[in-house]
Amino acid sequence: VQLQASGGGLVQAGESLRLSCVASETIFRINVMGWYRQAPGKQRELVATITSSGVRNYADSVKGRFTISRDNAKNTVYLQMYSLKPEDTAVYYCNLNAGLNWWGKGTQVTVSS
């Protein structure tokens, strides 16, 4: 399975971005898709996840600003990011968990102050 993420870029604080991640195939009907991020010198951390039935989970640092959604028919997960802050700067990785884990290559998000 390949995960292709897109939508990263350079924005100013307060602006928005939308990330997309497409899985090359359907693994199992029941799975969890999500986004993680890794800033320079820091460990990779959870941003948000969503189950195939639509149950969402967010890191406290992004609650109220980010929204995760998915289109099961398209094997796609989205991350809508509002009110971006410089501390959101990181490489964002897409993840698919269906018992086994698959990771995308990541997309850079840079937020300038």
Side-chain angles (χ1 to χ4, degrees):
V1 177
Q2 293 185 339
L3 301 176
Q4 183 64 50
S6 61
L10 171 63
V11 297
Q12 293 188 335
E15 294 185 339
S16 301
L17 275 176
R18 188 194 196 207
L19 305 182
S20 300
C21 177
V22 181
S24 59
E25 58 186 279
T26 301
I27 302 300
F28 297 107
R29 188 169 57 86
I30 300 174
N31 58 61
V32 181
M33 296 189 78
W35 292 94
Y36 292 72
R37 66 187 181 188
Q38 188 167 16
K42 295 187 177 181
Q43 291 187 334
R44 191 173 298 189
E45 63 178 5
L46 169 78
V47 177
T49 61
I50 183 169
T51 70
S52 48
S53 60
V55 178
R56 296 170 171 83
N57 180 49
Y58 295 96
D60 288 342
S61 59
V62 306
K63 282 180 181 177
R65 299 188 299 120
F66 291 10
T67 300
I68 190 169
S69 61
R70 63 188 286 170
D71 185 332
N72 291 331
K74 297 181 179 180
N75 294 330
T76 301
V77 62
Y78 305 96
L79 185 69
Q80 180 66 56
M81 304 184 290
Y82 300 100
S83 302
L84 282 161
K85 303 175 181 180
E87 50 264 44
D88 294 318
T89 295
V91 178
Y92 283 69
Y93 295 92
C94 176
N95 174 265
L96 168 62
N97 186 332
L100 296 176
N101 264 297
W102 288 267
W103 292 93
K105 288 186 177 180
T107 184
Q108 176 72 46
V109 173
T110 303
V111 185
S112 63
S113 57

What heavy-atom pair brings Arg65 and Ser83 nearest, and what distance separates the two atoms? NH1-O, 2.9 Å

Can you name the ring pair (Phe, Tyr, Trp, His ring centres under 6.0 Å) partners of Tyr78, sequence neighbours left out? none

Which heavy atom of Pro86 sits nearest a heavy atom of Ser113, and at what distance? CG-CB, 3.8 Å

Using a 3.5 Å cut-off and no angle test, enumerate the donor-acceptor pairs between side-chain atoms of residues 90-101 and protein atoms at least two apart in sequence or in another chain.
{"residue": "Tyr92", "atom": "OH", "partner": "Arg37", "partner atom": "NH1", "Å": "2.9"}
{"residue": "Tyr92", "atom": "OH", "partner": "Asp88", "partner atom": "O", "Å": "2.6"}
{"residue": "Asn95", "atom": "ND2", "partner": "Asn101", "partner atom": "OD1", "Å": "2.9"}
{"residue": "Asn95", "atom": "ND2", "partner": "Trp102", "partner atom": "O", "Å": "3.3"}
{"residue": "Asn97", "atom": "OD1", "partner": "Gly99", "partner atom": "N", "Å": "3.1"}

Donor-acceptor pair, distance only, cut-off 3.5 Å: does the side chain of Thr89 make one with the backbone of Val111? yes

Honestly curious: do Met81 and Val11 fall in one hydrophobic cluster under the side-chain, below-4.5 Å linking rule? yes

Heavy-atom closest pair (Val47 atom, Val62 atom, distance to 0.1 Å) is O-CG2, 3.6 Å

Under the rule for side-chain contact (heavy atoms from CB on, under 4.5 Å), what residues qualify as partners of Ser6, not counting sequence neighbours? Ser20

d(Lys105 NZ, Cys21 SG) to nearest 0.5 Å is 13.0 Å

Output for pair (Ile68 CD1, Trp35 CH2), nearest 0.5 Å, gives 8.0 Å

Atom pair OG1/CG of Thr49 and Asn57 - distance to nearest 0.5 Å: 4.5 Å

Of all the heavy-atom pairs spanning Ser16 and Gln80, show the shortest one and how long it is. CB-NE2, 4.0 Å

CD of Gln2: more than 12 outside heavy atoms within 6.0 angstrom? no

Are Leu84 and Phe66 close enough, and set up right, to give a side-chain contact (heavy atoms from CB on, under 4.5 Å), and what steps lead you there? CA-CA 9 Å; Leu84 282 161; Phe66 291 10; 3.8 Å; yes

More than 12 heavy atoms of other groups within 6.0 Å of Gln4 CD: no

Strictly distance-based, threshold 3.5 Å: is any side-chain N or O of Arg44 a donor or acceptor partner for the main-chain N or O of Tyr36? no

From Thr51 OG1 over to Met33 CE, what is the distance, rounded to the nearest 0.5 angstrom? 12.0 Å

Calculate, to the nearest 0.5 Å, the distance between atoms CZ and OH belonging to Arg18 and Tyr82 respectively. 9.0 Å

Any link between Ile50 and Val1 through a network of hydrophobic side chains (Ile, Leu, Val, Met, Phe, Trp, Tyr) touching at under 4.5 Å? yes

